Amino acid sequence: MEVLGKLTALLQQALETREPEINLLDSFVDHWKGITNYYIETTDEYRPVKDTDIPWRLKQMLDILVYEEQQQQLQQEDTGPCMEYLLQHKVMETLCTLGKAEYPPGMIQQVLVFFTKVLSQVQKPLLHIINVYRPVQKLIALCGLPSSQTEKEEAHFMFVVCSRVKKDPNILSFILEMRSAVCCVPLLNMQMVTGSERERERVPSTYRVVQHAMESLVLLVSGAPEDTGRLLLETSPLCQLLSQRLCDLYKLIPCTLDPSDLQMQQAVQWRDLFNHQRTEESPSSPDSGHVTRFFCWLDFCDHLITHAPIVLSAQMARSLHNQWLTGVVQPQLLQMSEAGVLVHTTLLSCIARHTHSSALLGELILFLLGDDTEPEQRSDNHTHTLRYSLIQNCDHISDEISIATLRLFEELLQKPDKRILSNLALRNLERRCYATPMSSGVSMEERQGGAAESDVPEESEELEEDPFFSDALFSESEFGGVEPLSSRPCPPVNMPQAESVNSFLCLVPQEAKTSQHVPGTGYDTYVHDAYKMFKETSALCIDWGWPENILHSDMQPSAEFYEGHFLHVLFNRLGRILEQPYELNLQVTSVLSRISLFPHPHLHEYLLDPFLSLSPGGRSLFSALVRVIGELMQRIEHIPNISNKLVHIRKQLMGQEDETLVDHVTLLRGVIVLEEFCKELAAIAFIKLPTEAQ
């Protein structure tokens with residue numbers, strides 16, 4: 001018992017002699033007073049803050065606040081005494097004033113670090129408290145100033161603020177309460193991003209700073225409610241600054257770039273900008289760096305518009321339309337220099353390919369094509385100057401400009417917006433003025449067999465007797481087992497609905513065909529490709545509300561049907577397929593094939609129905625091809641050994657034989673493109689047939 005008593009006494013003594021508990025509030029206040037006393041006692045105004053104990057004391061104050069909050073959470077208590085002291089004595093307000101005065105030198109950096117860590121490490125929401133959001137507002141006003149030496153700390157600070165806003169969008173109204181201030185969040189980020197290239201080169205870490213700034217903006221607008229978007233729109237120059245930066249980057253792209261290199265421009269994301277700078281200290285070409293930075297910024301704008309509230313995204317897209325597209329791009333597209341037009345048309349094609357947000361795509365379409373919905377008239381050449389100029393450039397004296405412009409329209413036709421095809425073609429076909437009254441209410445099946453009374457010339461009878469017409473043409477072996485629209489094998493096509501397929505396949509005379517002489521160039525390859533592209537195109541326009549069947553209008557056809565400026569130019573180009581360069585012919589036929597894939601009944605009838613009875617003066621895709629075939633038959637009569645020459649040219653184009661000088665090479669290449677185009681149209685017509693007709 002005596003031993004037990006001694007042990008108890010020793011334990012009691014140990015408890016009585018333990019260190020007294022540290023009073024967190026007293027320690028917090030001591031550190032704060034140590035900071036304020038420095039300003040009373042110091043006599044050296046030029047002593048850097050890093051040579052004082054201020055950074056250490058601020059670090060201790062932060063640690064106390066974090067520790068106190070952890071203890072409060074364990075005890076399920078509310079705000080601790082240290083946080084209460086911070087708020088009641090306006091500690092953050094005072095620190096912001098000291099930072100603005102930059103006394104001692106470098107104080108703004110310490111204040112930014114302290115604010116950043118308080119907002120990020122203290123879990124309790126603070127930005128709705130007046131003694132927090134007011135100094136935060138003032139500190140934002142101190143960021144992004146010219147010749148700033150604290151860009152890294154500013155970016156981290158803004159990133160934390162935006163992260164807090166992302167968690168609770170309602171606090172944005174507190175931060176942007178001072179509507180007259182230009183110190184709002186977006187302006188800060190934009191000022192940092194729009195720094196000169198020379199300044200960025202002097203500061204190696206600037207691109208990491210810019211990355212934080214851009215990520216802050218993404219956090220701020222992504223998924224924000226409409227009220228937040230409206231507030232940002234009303235209190236910040238975000239839209240103007242985004243547009244101005246894009247304008248500046250676009251202007252840096254020189255007209256000396258190789259259009260073929262631009263055409264191969266791969267898709268980039270805005271974060272690639274920073275990877276590009278880290279991995280390529282010396283880019284292979286300064287021009288390529290300008291192109292990369294432009295498309296990275298375009299992707300950033302596109303990303304913001306995609307994820308921003310509707311009211312904000314719409315205004316951002318309109319601002320890009322007015323400042324960039326109309327103010328900068330349009331003059332370049334309408335300039336007199338062919339080299340400049342070529343580069344900027346190619347750039348525009350890449351821009352269309354890299355545009356994904358519906359709002360920005362809508363503004364791009366409005367910029368390029370206008371908003372007219374009524375059928376075109378031949379005299380409507382200048383109702384939308386840029387649209388007319390671009391379509392006219394498809395028939396430019398420069399083949400390179402024609403090809404680049406056709407590629408632009410092909411890119412547009414792959415975008416998910418019904419206004420594109422409606423503007424270019426459908427608005428002229430909706431009333432079916434292309435058909436004679438005898439065609440109204442008459443189906444394709446009822447019209448077939450009477451092609452001799454339509455616009456098809458007399459030689460069509462000879463084509464129908466061509467031995468290449470046979471039931472075996474569409475046998476299962478020809479398709480290689482492909483099942484375009486049904487799960488059953490493709491039977492021989494000998495029913496009326498499929499005569500259109502035969503018509504396209506037999507347009508080219510037998511002596512001008514070469515597919516049968518070169519393995520792997522059969523019609524079945526086009527069926528595979530057409531089926532895939534038709535599925536993609538159908539998915540693209542599934543929600544466009546198009547009719548499933550032809551709409552028979554009561555209106556009488558006009559005195560002269562006009563297919564519209566776009567199809568008019570394409571048909572003219574198609575009519576010169578025997579005289580044009582090979583690459584140009586490929587692009588013309590590619591655009592026409594793309595249009596033919598769309599499942600609108602009027603478009604299908606106008607482009608793929610060979611038995612359509614056209615209105616006076618009208619022409620269709622098939623009738624344009626018939627005229628080309630007529631010219632072809634006249635010209636090949638004067639070329640000896642035509643079949644062998646065509647086979648040789650085909651093998652050259654496929655890389656199976658070396659290139660040698662051959663007479664009439666442009667004509668021969670045109671014949672091969674014509675044959676392939678007819679096979680492609682036949683494949684498209686086939687996969688668009690009703691299932692029971694296959």
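This is a predicted model, so every value here is computed, not measured.
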To the closest 0.5 Å, what do you measure between [atom1] ([X]) and [atom2] ([Y])?
X    : Y    : atom1 : atom2 : answer
H602 : N549 : NE2   : CG    : 9.5 Å
R669 : E583 : CZ    : CD    : 7.0 Å
Q634 : E637 : CD    : CD    : 7.0 Å
L592 : L570 : CG    : CG    : 5.0 Å
C433 : L614 : SG    : CG    : 12.5 Å
E374 : E376 : CD    : CD    : 11.5 Å

Under a 3.5 Å cutoff, is there a donor and acceptor pairing between the side chains of [X] and [Y]?
X    : Y    : answer
T345 : T405 : no
H648 : N644 : no
Q580 : N585 : yes

Given 3.5 Å as the limit, does a donor-acceptor pair link the side chain of [X] with the main chain of [Y], or not?
X    : Y    : answer
Y531 : Y526 : no
D302 : T355 : no
E338 : I401 : no
K688 : S596 : yes
E605 : L612 : no
T537 : M533 : yes
T666 : P581 : no
T346 : A404 : no
S337 : G340 : yes
H344 : Q332 : no

Using side-chain contact (heavy atoms from CB on, under 4.5 Å) as the criterion, point out the one residue from H528, E536, K535 that pairs with K532. E536
Among L320, I420, V329, L348, which one satisfies side-chain contact (heavy atoms from CB on, under 4.5 Å) with L364? L348
Salt bridge or not between R407 and E410? Use side-chain N to carboxylate O under 4.0 Å. no
Under-4.0 Å salt bridge between D417 and R419: yes
Taking all non-hydrogen atoms of both residues, which atom of [X] and which atom of [Y] are closest, and how far apart?
X    : Y    : result
I629 : L507 : CG2-O, 3.4 Å
A512 : E675 : O-OE1, 4.0 Å
F686 : V527 : CD2-CG1, 4.4 Å
G670 : L578 : C-CD2, 4.1 Å
L653 : I672 : CD1-CD1, 4.2 Å
L361 : P416 : CD2-CD, 4.1 Å

Option among Y388, F409, F571 that satisfies the ring-ring contact (aromatic ring centres under 6.0 Å, His included) test with F566: F409
With a cut-off of 6.0 Å (strictly less than), are more than 12 heavy atoms of other residues, nucleotides or ligands near CD of E400? no
With side chains defined as the heavy atoms from C-beta onward, is the minimum distance between [X] and [Y] less than 4.5 Å?
X    : Y    : answer
F598 : L426 : no
K679 : L505 : yes
R387 : N423 : yes
L667 : I639 : yes
S643 : K513 : no
S515 : Y523 : no
C394 : R573 : no
L625 : L674 : yes

Show your reasoning for whether side-chain contact (heavy atoms from CB on, under 4.5 Å) applies to L603 and W546. CA-CA 11 Å; L603 197 65; W546 282 351; 5.8 Å; no
With under 30° as parallel and over 60° as perpendicular, where do the rings of Y434 and Y606 fit, or are they tilted in between? tilted
Could you tell me how the ring of H568 sits relative to the ring of Y562: parallel (under 30°), tilted (30 to 60°) or perpendicular (over 60°)? tilted
Could you tell me whether F622 and F611 have their ring centroids closer than 6.0 angstrom? no
CA sep, side-chain torsions, deciding dist, call: F677, V628, side-chain contact (heavy atoms from CB on, under 4.5 Å): CA-CA 12 Å; F677 183 48; V628 175; over 6 Å; no
So Q330 and L325, side-chain contact (heavy atoms from CB on, under 4.5 Å) or not? Walk me through it. CA-CA 6 Å; Q330 181 165 317; L325 292 174; over 6 Å; no
Tell me, with the steps shown, if L413 and I595 meet side-chain contact (heavy atoms from CB on, under 4.5 Å). CA-CA 8 Å; L413 289 168; I595 299 174; 3.7 Å; yes
